[in-house]
Amino acid sequence: MGKLGGFLQIERHGSRYRDATERVHDYREFVNPAPEAQLREQGGRCMECGVPFCHNGCPLGNLIPDWNDLVYRDHWQEAIAQLHATNNFPDFTGRLCPAPCEAACVLEIREGDAVTIKQIEHAIIDRAFAEGWVAPQPPLRETGQGVAVVGSGPAGMAAAQQLRRAGHRVTLYERDESAGGLVRFGVPDFKIEKTVVQRRVEQMLAEGIELCCGVDVGRDISVEELRERFDAVVLATGSRVPRDLPVPGRELNGVHFAMDYLYQRNRWAAREFGPAPTVAQPAPGAQITAADKNVIVIGGGDTGADCVGNALREGARSIVQLELLPEPPQHRPDERTPWPLWPLKYRLSYAMEEARQAGLGEQDYSVTTTHFSGDGSGGVAALHIAQAAPEPPFGPVEGTERELPAQLVLLAMGFLHPEQGLLDQLGVQKDPRGNVKAVSPYTTSEPGVFAAGDARRGQSLIVWAINEGRQCARMVDRFLAVKRGEGQGSLPEDQGCAGHADADNGPEGPPQHVGPGIGAGL
């Protein structure tokens, strides 16, 4: 497996970012592709582990040692076959996943020395598209049964593709103008260019999936019509209700949820750079802009980092990112998150690296917001903060109050649960957090209605979304097979992908939220 003793002879060389002072002037992806010789060397570092813990770290159960070895031996076409065996969209995960597999790599016992799994995955799929190895896979037979998938994020796309390949008629409903969910509308182009998403949409269309964009299920099409037209329904609507900040002054103009800002920026990028939407973009609402403003981003995760990156490219005057929790340690705290768990340690985001290089960014921890003050004309002028107590509920410490100027405040504090309207119309049971309750894996309380992704498990990682879409498709296929009198279904019966059956019953497993990524050169 790999080069004999390669992990002792070859140093880790991770992904390299484009220069921060250069990339802030465009919207192209900021990760530089690695040379093929370097990738082969890095694949050769993979050990023949008796127990490959990277499998456990990856919710998809990716066959990581296998395709690492294939890249080392220059068998790229076999490598993409192994990669696609467990992951419908490695071009998404190779760009957006925080790589819990690397945190679980045996070499990561020596911190910072893991195999560059994410980098190799990214290279395999890009090589596969360049060589023409990625082609539509229409089904070999038709079952005559139909499935409606509601929501076209990674979970919905994965479920739709798996079900179509099993021979079912699949219609994918999306209320926005293009498919992709938050990969399309939340994540900026400089992390994943939308042509990457669009080529997967086109693959699915070529496989025979019907895509209905601009259709809000429950409003434009009733749930009664949906249940009548289809044999099964998959809910993959995501977790889209944002966590609010109920403090005095919240109603002032200029205080917005992060996703409202990111949607506007991504729609602007689609108009500027393409690809064109499937249906017309909705009429723009009130413009949210960071240009020449003091910007405050409340929330230290991926969404907050993406707000920082966009605000910087818009020409913000200054950017401050605030986090309620204390600053994590610089290295893995073994007493809290020992290997192979995801380490709760400090990671400099790509966006804060850019902002600091430009002399415009600051990141503060253990900060709580007490109130906003206005400019006299209805707009926000300042954010009033205090040091947060180190323990929940992280209240303000008396005597530490201060004020930050702000004409734009973006709330990036995570999401609570799916929007409730459609769930209520369908009558599905919900768990105490407001997510769709699965009475058995992926199966809701309503016969023929299934749920996958963040709508079921709560806000989580893209790899969990794709895994859930794949596993939900298995359950739907078995349900439809029984309905037509063919037993257990056309997909192989198993206990969950790569031994993840227990994790499929709840939010256990790799963390639901991780930091915004490793710093350049690590």
Considering only NZ, NE, NH1 and NH2 on the basic side and carboxylate oxygens on the acidic side, decide whether [X] and [Y] come within less than 4.0 Å.
X	Y	answer
Glu174	Arg184	no
Arg402	Asp364	yes
Asp306	Arg265	no

For Glu398, I'd like to know if atom CD has over 12 heavy atoms of other residues, nucleotides or ligands within 6.0 Å.
no
Neighbour count >12 (heavy atoms, 6.0 Å) for atom CZ, Arg199
yes
Are side-chain N/O atoms of [X] and [Y] paired as donor and acceptor at under 3.5 Å?
X	Y	result
Asp220	Tyr173	no
Glu419	Thr237	no
Gln407	Asn294	yes
Thr370	Glu401	no

Within the distance-only criterion (no hydrogens, no angle test), does the side chain of [X] pair as donor or acceptor with the backbone N or O of [Y] below 3.5 angstrom?
X	Y	answer
Glu468	Ala155	no
Arg332	Leu341	yes
Ser318	Leu360	no
Gln264	Ile288	yes
Lys118	Thr116	no
Asp244	Pro246	no

Step by step, work out the ring pair (Phe, Tyr, Trp, His ring centres under 6.0 Å) result for Tyr350 and Tyr17.
CA-CA 8 Å; Tyr350 75 92; Tyr17 295 172; 7.5 Å; no
A cation-pi test, strictly: NZ or CZ of Arg240 under 6.0 Å from the centre of the six-membered ring of Phe415 and no more than 45 degrees from its axis. Yes or no?
no
The residue among Glu102, Gln42, Glu108 that forms side chain to side chain donor-acceptor pair (under 3.5 Å) with Arg12 is Glu102
Are the side chains of Asn435 and Pro418 in contact, using a 4.5 Å heavy-atom criterion?
yes
Reference residue Leu426; test side chain to side chain contact (heavy atoms under 4.5 Å, CB included); the match among Asp424, Leu423, Leu422:
Leu422
Would you give the length of the straight line joining atom CD1 of Ile466 to atom CD of Gln161, rounded to the nearest 0.5 angstrom?
10.0 Å
Is the ring pair Phe190/Tyr27 parallel, tilted or perpendicular, if the boundaries are 30 and 60 degrees?
tilted
Side-chain polar contacts of residues 382-390 - donor-acceptor pairs under 3.5 angstrom, sequence neighbours left out - could you list them?
from   : atom 1 : to     : atom 2 : distance (Å)
His384 : NE2    : Ser373 : OG     : 2.9

